[in-house]
Each structure stands twice: as C-alpha cells, then as structure tokens.
Amino acid sequence: MPRFSANLSMLYPELDFLERFAAAAADGFAAVEYVGAYDREPQVLRDLLDRHDLTQALFNLPAGNWAAGERGIACLPDRIDAFRESVDTAIRYAEATRCNQVNCLAGIVPPGVDRQAAEQVLVDNLRHAAPRLADAGIKLLLEPINPRDMPGFLVNSTADYERIAAEVGHNNLFLQYDFYHMQVVQGDLLNTFRRLQGRIAHVQVADNPGRHEPGSGEINYAAIFAALDAAGYDGWVGAEYRPRAGTSEGLGWFEPWRRRR
Ligand SMILES: O=C(O)[C@@H](O)C(=O)CO
Ligand SMILES: [Mg+2]
C-alpha cells in the first residue's frame, strides 16, 4: 500500500507554511516533505512534526537564493565552499527532524559555464556529500528535473543520474524519481522505475500536463500505484503537485490511502 507524503512546498498554497503541517495531518497524510525550511529553527519543525504525528520524509539540501532563481548550488563553480557548508546544515536539520534522506538539487548551469565543467563540479561535490551523509545515517538523493519547468537545470534524465552516480562512485547516491518530470523528459515510466528500483529512494507524483492532481492528466496513476505495490516499493510517495482548486477539495484521488485517526 503506497505511503504518501504531502509536499508542503506545493500543497496548501492557501496557507502559511507552518500551518500546512496541521492541514496535511488533518487530510490524512502520515508524512511531509518540502524544498527546504532553513529560515525556521529546526526545533520549530520538530515540534510541528511531533504535535501532528508526522514523519519528515524528505527535504532538499540548501538550494541557494531561491527567490533570485537559483535551483541548487551543487554545480556552481563559485559556490563550492557554500555547498560543503550546506551539507553540514542539512545534517543538522535532518537530525533535528529525524529525516533520513535529503535531495540534492544540482542547479542551473550559469551563463558562460560549460555543462561538462558544471557536471564535474557536481560530481566532486557529491563525492564530498555522500560519505558525510552516510556517516550521519542519511541517504543522499539526486533528482532529474525536466528542462521545460526548470530551463538550464543540469540533471534532466535517469541517464544523467546513472552517468553521474557512476562517476561519483559512492553507494550513498540514490535516485529521486519524480514521475511527472520523467513523463515530460522520457516516458516509459514503469519500465524505468523497475529497472532502477534498487537505486530509487523516493518517488514523487503529479500529472501531466499541468502538474496537477494524480488523475487529472495523461499518466495512469492507478496502474503506477498498483505497480509500486507489486514491486514492493517501501519508500514514500511525495504528492508534489499544484492543486487545481483547494488542496483538501482535490484529494479525492487520495481517499483509499488516507490515514484515519
Ligand atoms: O520536482 C521538484 O520540483 C522538486 O522535487 C524539487 O525538489 C525542486 O523544486
Ligand atoms: Mg520533484
């Protein structure tokens, strides 16, 4: 039976961030995830998780200046020291929230920087991060993201992940398999999931086109959820989509799996 995590960076946009924890719990989610909450004290997050009996399923390494358009600093040649500090910060937040996996957003290749050079910076940074996170009992994930939603983003496909993971050469580098991004970039969703399942630590779902609720577009999520079960996938499934109307009103797809208190 799939276990769902509410992605608080996209769900409940009608609420302030800290109010979204209660809303997700009230709607029957057992876990939450988000891009990052480094502007909050870790204990504030831990208190909310405890108060609402929620698991922290995932968050991202610090991703730079989000408002200025940065989407990760791991491939930026002039931010290597900042990246290495970000790993320590992420460990501190993961320990406080009992989160056992973090995603690395590779970043957008800056103008004038060669993609291969940016990828080498990413590889070197992941070689730094993977063992440190492993020592803390935290999985490091790498998420391919489609270039339509995030133009210039360095890691777009599972082939990119496989090439980079082979270069990094550390077993603590897993794949974050976002079905929405993978549908946009490469399709063949279930074959790819099955082939890479041993390296997939987290999946996320949204439909295409529009990145709205599962069942709103072309992706057969009934088949995908059944296949996750059949494959014995025991990770979280991140509900990471733009609600078409109110978040709670749009949770009809989630009915079979709500946690009933
Ligand atoms: O798919 C996404 O956009 C997220 O998983 C993420 O981490 C970057 O926003
Ligand atoms: Mg995602």
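None of these values were measured; they are calculated from a predicted model. Whatever order the structure lists them in is the order used to number ligands and atoms, beginning at 1.
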Visitor: Which atom name would you report as the N, O or S atom of D178 nearest the Mg ion (ligand 2)?
Guide: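 The D178 atom nearest to the Mg ion (ligand 2), restricting to N, O or S, is OD2.
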
Visitor: From the N, O or S atoms in E143, identify the one nearest to the Mg ion (ligand 2).
Guide: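 Answer by atom name: OE2.
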
Visitor: Tell me which protein heavy atom sits closest to atom 9 (O) of ligand 1, plus the residue, atom name and distance to 0.1 Å.
Guide: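 For atom 9 (O) of ligand 1, the nearest protein heavy atom is W66 CH2, 3.6 Å.
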
Visitor: Evaluate whether atom CD of E41 has more than 12 neighbouring non-hydrogen atoms of other residues, nucleotides or ligands under 6.0 angstrom away.
Guide: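 Result for CD/E41: open.
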
Visitor: Side chain, backbone, both or neither: which part of N7 comes within less than 4.0 Å of ligand 1 when only heavy atoms are counted?
Guide: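 It is neither part, as no heavy atom is under 4.0 Å.
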
Visitor: Name of the E240 N, O or S atom nearest the Mg ion (ligand 2)?
Guide: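 Looking only at N, O and S atoms of E240, the one nearest the Mg ion (ligand 2) is named OE1.
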
Visitor: Among all protein heavy atoms, pick out the one at the shortest distance from atom 7 (O) of ligand 1; state its residue, atom name and that distance to 0.1 Å.
Guide: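 It is N60 ND2, 2.9 Å.
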
Visitor: Suppose we measure from atom 3 (O) of ligand 1 to each protein heavy atom; which comes out shortest, and what is that distance?
Guide: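 The closest heavy atom on the protein side is R211 NH2, 3.3 Å.
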
Visitor: Counting from 1, what ligand 1 atoms have a heavy atom of E240 closer than 4.0 Å?
Guide: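 Here the atoms of ligand 1 in question are 1 (O), 2 (C), 4 (C), 5 (O), 6 (C).
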
Visitor: Measure from the ring center of W253 to the ring center of F4 and say whether it is less than 6.0 Å.
Guide: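 For W253 and F4, the ring centres are under 6.0 Å apart.
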
Visitor: Between F17 and Y12, is the ring centre distance below 6.0 Å?
Guide: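 Between Y12 and F17, which both carry aromatic rings, the centre distance is not below 6.0 Å.
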
Visitor: Is R79 salt-bridged to E70, cutoff N-O under 4.0 Å?
Guide: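 Yes, R79 and E70 are salt-bridged.
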
Visitor: Heavy-atom distances under 4.0 Å decide this one: backbone, side chain, both or neither, for D149 against ligand 1?
Guide: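 Near ligand 1, D149 shows nothing, with every heavy atom at 4.0 Å or more.
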
Visitor: Only heavy atoms of H181, strictly under 4.0 Å: list the atoms of ligand 1 that pass.
Guide: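 Going through ligand 1 atom by atom, the ones under 4.0 Å from H181 are 1 (O), 2 (C), 3 (O).
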
Visitor: Against the six-membered ring of W257, is R3 placed for a cation-pi contact (under 6.0 Å from the centre, within 45° of the normal)?
Guide: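 Judged by the rule (NZ or CZ under 6.0 Å from the ring centre, within 45° of its axis), R3 is not positioned above W257.
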
Visitor: Would you kindly specify which portion of R71 sits under 4.0 Å from ligand 1, judged on non-hydrogen atoms: side chain, backbone, both or neither?
Guide: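 Neither; nothing of R71 gets under 4.0 Å from ligand 1.
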
Visitor: Considering residues, nucleotides and ligands other than Q116, do more than 12 of their heavy atoms fall under 6.0 Å from its CD?
Guide: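 Atom CD in Q116 is not crowded, with 12 or fewer foreign heavy atoms closer than 6.0 Å.
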
Visitor: Counting the benzene-type ring for Trp, do Y180 and Y241 have ring centres under 6.0 Å apart?
Guide: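 When the ring centroids of Y180 and Y241 are compared, they turn out to be at least 6.0 Å apart.
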
Visitor: Does Q204 put an N, O or S atom under 2.8 Å from the Mg ion (ligand 2)?
Guide: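 Checking the Mg ion (ligand 2) against Q204, an N, O or S atom does fall under 2.8 Å.
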
Visitor: Quick check on contacts: which atoms of ligand 1 are under 4.0 angstrom from a heavy atom of L105?
Guide: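 Here the atoms of ligand 1 in question are 7 (O), 8 (C).
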
Visitor: What protein heavy atom sits nearest atom 6 (C) of ligand 1, and how far off is it?
Guide: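 So the nearest neighbour among protein heavy atoms is E143 OE1, 3.4 Å.
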
